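All values reported here derive from a predicted model rather than from experimental measurement. Counting convention: from 1, in listed order, for ligands and their atoms alike.
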Amino acid sequence: MNGSWSARTRAVVAGRPHGQGQPANVPIVPASALGLDYSREAGTPTWAALEEAIGSLEGGSATAFASGIATVSAVLDLLPAGSSVAVPTYSYTGTRGAFEHAERMGRLTVRRIEPADTAAWVSAAGEADLLWLESPTNPTLDVMDIPAVADAAGSTRRPLIVVDNTFATPLGQQPLAMGADIVVHSATKFIGGHSDLLLGITVAANEDLAGRLRDARTRGGATPGALEAWLALRGLRTLGVRFAEASRSAALLVERLATHAAVTRVRYPGSGAMVAFDLADAESADRACARLELIHHATSLGGVETTIERRAALPGDAHVPAGLLRLSVGLEDPEDLWLDLSQALDSVTT
Ligand SMILES: *Cc1c(COP(=O)(O)O)cnc(C)c1O
C-alpha cells in the first residue's frame, strides 16, 4: 500500500492479497479454528482483509463485529460501572436504546445534548467519561462539530470521543483525523451497500484502544459471519462510485424538493446520499409513501435501491417530527426518482 494513494483508490485496493500466485480477492474463510487459533479470538483472513481496508480509510485500527449495534455494546463494555456519558438527544434509535438500557440498569449516567449545541458538548467534555457523537444524525441529519468537541476533550480530562460515521461513510468524513478516539460504522448500510448483510466495524485511533475493542468482541462474541465480512469488503470496492453517484442524485432531488408546495422543510447536510424532508403531518407523509411506485417504502438505508421511511411511525421514534420522511438515495436514474416523488407529493397537495 502506497500511503499517498487517495481514499477512493484505497477503497479498491486495501486488504487485497498481493504477490505472485495470490487470488485476486480474499477468500470466504468459514473456519472456527486456524490451527491453534480460535477465530472468535484471533479472527480470520476474511475479517482481517475487511479490517485492513476500513482501517486504511479511517486512519486507524479496525475490528469487525456482527452488526452496527454490536459496536455500541463493545464501546459500552470499555466503561467501568458508574461512568458518565453524553449522547445526542436525537440519534439512531438502537443506539439511544442501548444507552437508555445501560442507564436504567444503573450502569451509566447519561446526559443528553442537542446535536448542534456545540457549546453544551464542549462543556460536557469537561465532565463526561465518554462523548458519543453521530454526524450527520439519523434521521434528522443534524451536523455535529466534531473538531470543536474533540479539541475541547483534548484539553480537559480526555473523555473518549466516539463518532458514528455511518451516514458520512469513510469517504465522506474521517473523524479520527479530527481528533476522535473511536469511529463506529453500521456496514449494513453504505459500506455493504446492497441491503444483503448485517455487519459493524470499529476503528480505533491507537492499538491500545483497538486491543480493548478486540477483547470486548472476544468476550461478547458478536463476531461477523464469514460471508458477511466478504460481502462487506466486496461492497466497499464500489463505495466510491456508488456514494458519489447517489450524492449527486440526492443534491438534485433536494433542489426540487425545496420548491415543492407539499414540502415544509428539507434537511440536508450539503453532501451525501441521505435526505430528510417534512410534510405537513403524518397523514400527508403516509399518503405520499403509499403513492410511490419506484421508491421502496421500507426501512434501512444505504443500498443501491432508494428507500423512504416515516421514522416517527416506528417504536422509540416518537420524538421525530410526525411528517418527516427519511430518504436514502440509491442508484436509479434521478429523473425517474423525481417523477415518482413528485407524483406522490402532488397527491398530497391536491
Ligand atoms: C443502522 C444504524 C446503526 C445500527 O447498525 P446495525 O448494523 O443495524 O446493527 C447504527 N448507527 C446508525 C447511524 C445506523 O443507521
| request: Before giving the answer on side-chain hydrogen bond (donor to acceptor under 3.5 Å, both in side chains), spell out for T93 and D317 the whole-Å C-alpha distance, their side-chain angles and the decisive distance to 0.1 Å. | output: CA-CA 7 Å; T93 323; D317 273 354; 3.0 Å; yes
Can you find an N/O atom of [X] closer than 3.5 Å to an N/O atom of ligand 1?
| X | result |
| --- | --- |
| N138 | yes |
| T188 | yes |
| L301 | no |

| request: Tell me whether the guanidinium CZ or amine NZ of K189 lies under 6.0 angstrom from the six-membered ring centre of Y92 and within 45° of its axis. | output: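 The answer is yes, since K189 meets both limits relative to Y92.
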| Trace of the side-chain hydrogen bond (donor to acceptor under 3.5 Å, both in side chains) decision for D346 with H260 | CA-CA 8 Å; D346 291 347; H260 196 284; 2.7 Å; yes
| field | Least distance between heavy atoms, P17 atom then A24 atom | value |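 Distance-wise, the nearest heavy atoms are CD-O, 3.9 Å.
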| message | For a quick test of reading the model, state the closest non-hydrogen atom pair linking A148 to V122 and the distance between them. | response |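 In terms of heavy atoms, the two residues are closest at O-CG2, 4.0 Å.
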What residue and atom, counting heavy atoms only, is the protein's closest point to [atom], and at what distance?
| atom | answer |
| --- | --- |
| atom 12 (C) of ligand 1 | D164 OD2, 3.4 Å |
| atom 5 (O) of ligand 1 | S186 OG, 2.9 Å |
| atom 4 (C) of ligand 1 | Y92 CE2, 3.4 Å |

| said: Closer than 4.0 Å to some heavy atom of G68 - which atoms of ligand 1 meet that? | reply: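 Ligand 1 atoms under the 4.0 Å threshold to G68: 5 (O), 6 (P), 7 (O), 9 (O).
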| said: Can you name the atoms of ligand 1, numbered from 1 with element, that are less than 4.0 Å from a heavy atom of S67? | reply: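 Checking each atom against S67, I get 7 (O), 9 (O).
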| message | Quick check for you: to the nearest 0.5 Å, what is the distance between R287 atom CZ and L279 atom CG? | response |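 Spacing of CZ (R287) from CG (L279) equals 10.0 Å.
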| R326 pairs by side-chain contact (heavy atoms from CB on, under 4.5 Å) with which of L301, I308, T140? |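 That would be L301; it is the only one of L301, I308, T140 passing the side-chain contact (heavy atoms from CB on, under 4.5 Å) with R326.
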| task | Ignoring hydrogens, just give me the one of H185, K189, R326, M274 whose non-hydrogen atom is nearest atom 1 (C) of ligand 1. | result |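 Closest candidate by heavy-atom distance is K189.
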| query | Side chain, backbone, both or neither: which part of I69 has a heavy atom under 4.0 Å from ligand 1? | reply |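 Both parts.
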